[in-house]
Number of protein chains: 2
Amino acid sequence: MLNTESPRQFKRAAYGGLADVTKALGSPRRLELVDLLVQGPRPVESLARATAQPIASASQHLQVLKRARLVDTERQGTTIEYRLAPGVSEVLVALRRLAHARSAELRETTDSFFEDAPSIDRERLTALLREDGAVLIDVRPTAEFEQAHLPGARSIPVEALADRLAELPADRLIVACCRGPYCTFAADAVRLLQARGYRAARFEDGVAEWAADGGALEAARP
Amino acid sequence: MLNTESPRQFKRAAYGGLADVTKALGSPRRLELVDLLVQGPRPVESLARATAQPIASASQHLQVLKRARLVDTERQGTTIEYRLAPGVSEVLVALRRLAHARSAELRETTDSFFEDAPSIDRERLTALLREDGAVLIDVRPTAEFEQAHLPGARSIPVEALADRLAELPADRLIVACCRGPYCTFAADAVRLLQARGYRAARFEDGVAEWAADGGALEAARP
DNA sequence: TCTGTATTCAACATAGTTATTGAATAGCGA
DNA sequence: TCGCTATTCAATAACTATGTTGAATACAGA
């Protein structure tokens with residue numbers, strides 16, 4: 001009998017180890033960082049800018065995630081890239097789905113924010129693409145598009161959209177997709193398109209949700 | 001344009017709402033309560049006893065889980081039963097798998113605690129049952145067995161096992177299953193069986209992991 | 001070797017969380 | 001209606017996490 005631990009001690013250690021992970025996920029700031037990292041690896045300064053916080057603050061949150069082994073780091077030239085650990089993206093998708101299934105308040109928050117940009121789900125998107133000849137554009141930065149995107153999506157970053165309207169057919173529904181349920185890029189794109197007379201809608205998920213549902217993804221092709 | 005929120009305000013609210021869920025999961029005590037509730041609904045006092053904590057303490061943790069909508073309550077006669085919300089069990093399974101995939105320390109904690117009780121995984125269990133005529137016993141309390149159990153499992157609660165050895169064939173491998181990866185019942189059963197000359201092994205998962213992998217479950221049949 | 005800059009560290013004030021204790025409440029069952 | 005007991009509340013002290021600031025470090029590139 002080699003183990004000298006009591007069951008209580010073991011449970012303290014085991015649930016404690018689990019809680020190291022859930023504690024690391026237990027902060028809005030860190031959830032936002034994780035949600036960004038789903039799109040691909042990034043250096044600290046870029047993460048800090050994208051989440052509107054001081055660099056030192058972002059760095060500390062990232063270190064918490066690293067201690068919980070939710071991210072890995074790799075030096076790339078003069079910067080250090082943080083990258084999501086395998087499996088984390090799936091857990092984030094599951095957590096957000098659980099939260100939205102259970103909290104009417106959270107649904108209300110997102111629904112009211114995206115009120116003026118008609119949102120469509122995965123099933124509806126598939127139908128619109130197949131049957132109605134809708135055009136799917138991915139409005140994230142090109143680097144993220146190149147990491148992974150929905151099959152058939154065309155990359156038009158939201159900040160370039162106004163200059164590239166000529167690429168879009170005026171008689172088709174344009175569906176914009178972005179990082180995920182809390183990303184505002186697609187809604188911005190939809191508002192711009194609507195203002196220019198296009199019919200447009202926002203895909204409510206991102207690549208992580210698409211993949212979690214068994215959808216295939218493509219890489220590269222800028 | 002009805003929504004007056006800025007994107008930053010929206011993100012604060014959205015990630016904050018998500019964090020309400022992850023914060024609630026961010027305590028070893030509450031994780032242990034959730035892990036117990038996976039086995040079925042229970043009143044406060046029973047949860048407190050099973051997790052070795054004062055009732056007031058358990059009650060407060062349960063209320064945190066309730067505010068995060070991870071559990072629901074229902075009065076049953078003179079007691080109040082807490083019950084896991086749908087979908088929570090799957091998330092717990094995913095979180096524990098992620099933690100174990102990433103943390104060598106956590107693997108070491110469980111491996112060393114269960115060192116003297118040979119542990120087998122789902123795949124091996126299926127093979128042993130089909131090809132070697134192994135006998136599967138469920139050593140949880142009967143109430144939990146009746147909620148849900150693995151197909152073909154026989155209920156022999158661990159505290160009754162010593163008195164019911166006659167029910168077990170001496171020439172077969174006995175596999176004991178219990179609540180899940182952090183439950184010590186199966187290991188206790190294996191040690192007892194080994195001391196009485198049986199070949200015995202511990203199934204390392206519980207019904208939640210089994211179901212998450214697409215396995216069917218049975219109910220009742222005490 | 002040196003310089004510049006991306007990242008981390010240290011220290012602090014503030015805020016929030018946890019465990020514990022004893023008192024209060026609520027609602028079943030008689 | 002009333003008593004009983006399961007549960008919750010309130011108050012406290014110890015602890016832990018957060019955001020902020022400015023200084024320190026470490027390393028690529030010259």
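To find a chain, count down the sequence lines: A is the first, B the second, and so on, and within it residues start at 1.
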Between C/dG29 atom P and B/Q76 atom CD, what is the distance in whole Å?
11 Å
Taking atom C1' of C/dT8 as reference, at what distance in whole Å does atom CG of A/L47 sit?
15 Å
Contacts of B/D188 that satisfy side chain to side chain donor-acceptor pair (under 3.5 Å) - sequence neighbours left out:
B/R191
Specify the residues of residues 60-72 of chain B, ordered by number, for which at least one heavy atom lies under 4.0 angstrom from an atom of DNA chain D.
B/Q60, B/Q63
Contact list for residues 37-54 of chain A, test salt bridge (Lys or Arg N to Asp or Glu O under 4.0 Å), sequence neighbours left out:
A/R42-A/E144, A/E45-A/R49
Sorted by chain and number, sequence neighbours left out, side-chain contact (heavy atoms from CB on, under 4.5 Å) with A/C183 holds for A/C178, A/R179, A/F185
Nearest heavy-atom neighbours spanning A/L25 and B/T22
O-OG1, 2.8 Å
Suppose we screen for side-chain contact (heavy atoms from CB on, under 4.5 Å). Which residues come up paired with A/D121, at least two apart in sequence or across chains?
A/E123, A/R124, A/E204
For A/Y82, give me all partners under ring-ring contact (aromatic ring centres under 6.0 Å, His included), at least two apart in sequence or on another chain.
none
Check the interface with nucleotides 24-30 of chain D: list each N/O to N/O pair with the protein under 3.5 Å, or write none.
none

Note down the inter-axis angle between the two ends of the helix from C/dT1-D/dA30 to C/dA30-D/dT1, five pairs each, to the nearest 10°.
50°
Under a 4.5 Å cut-off applied to non-hydrogen side-chain atoms, are A/R164 and A/I137 in contact?
no
Is any side-chain N of the basic residue among B/E209 and B/R122 closer than 4.0 Å to the acidic one's carboxylate O?
no
Return each pair, listed once, that meets salt bridge (Lys or Arg N to Asp or Glu O under 4.0 Å) where at least one residue sits in residues 18-37 of chain A; pairs must be two or more places apart or across chains.
A/E32-B/R8, A/D35-A/R96
Between A/Y82 and C/dA6, is there a side-chain N or O to OP1/OP2 distance below 4.0 Å?
no
Taking OP1 and OP2 of D/dT20, is either one under 4.0 Å from a side-chain nitrogen or oxygen of A/S57?
no
Of A/K23 and A/E81, the one whose closest nucleotide on DNA chain C sits nearer the 5' end is A/E81
Looking at every heavy atom in both B/G87 and A/L98, which two are closest together, and how far apart are they?
C-CD1, 4.0 Å
Under 4.0 Å from any atom of DNA chain C, heavy atoms only: list the residues of residues 27-35 of chain B that qualify, in numerical order.
B/S27, B/R29, B/R30
How would you list, by chain and number, every residue that makes a side-chain contact (heavy atoms from CB on, under 4.5 Å) with A/A56, sequence neighbours excluded?
none
To the nearest Å, how far apart are A/D20 CG and D/dT16 C1'?
13 Å
Rounded to the nearest angstrom, tell me the gap between atom CZ in B/R42 and atom P in D/dT7.
12 Å
For the student: nearest non-hydrogen atoms of A/E167 and A/I156, plus distance:
OE1-CD1, 3.8 Å
Find the distance A/I55:CD1 to D/dT20:C1' and express it as a whole number of Å.
14 Å
Hits for side-chain contact (heavy atoms from CB on, under 4.5 Å) against B/D111, two or more places apart or cross-chain, chain-then-number order -> B/R107
Could you check how far CD1 of A/I80 sits from P of C/dT5, rounded to whole Å?
17 Å
Going by heavy atoms in the side chains, are B/P151 and B/W210 under 4.5 Å from each other?
yes
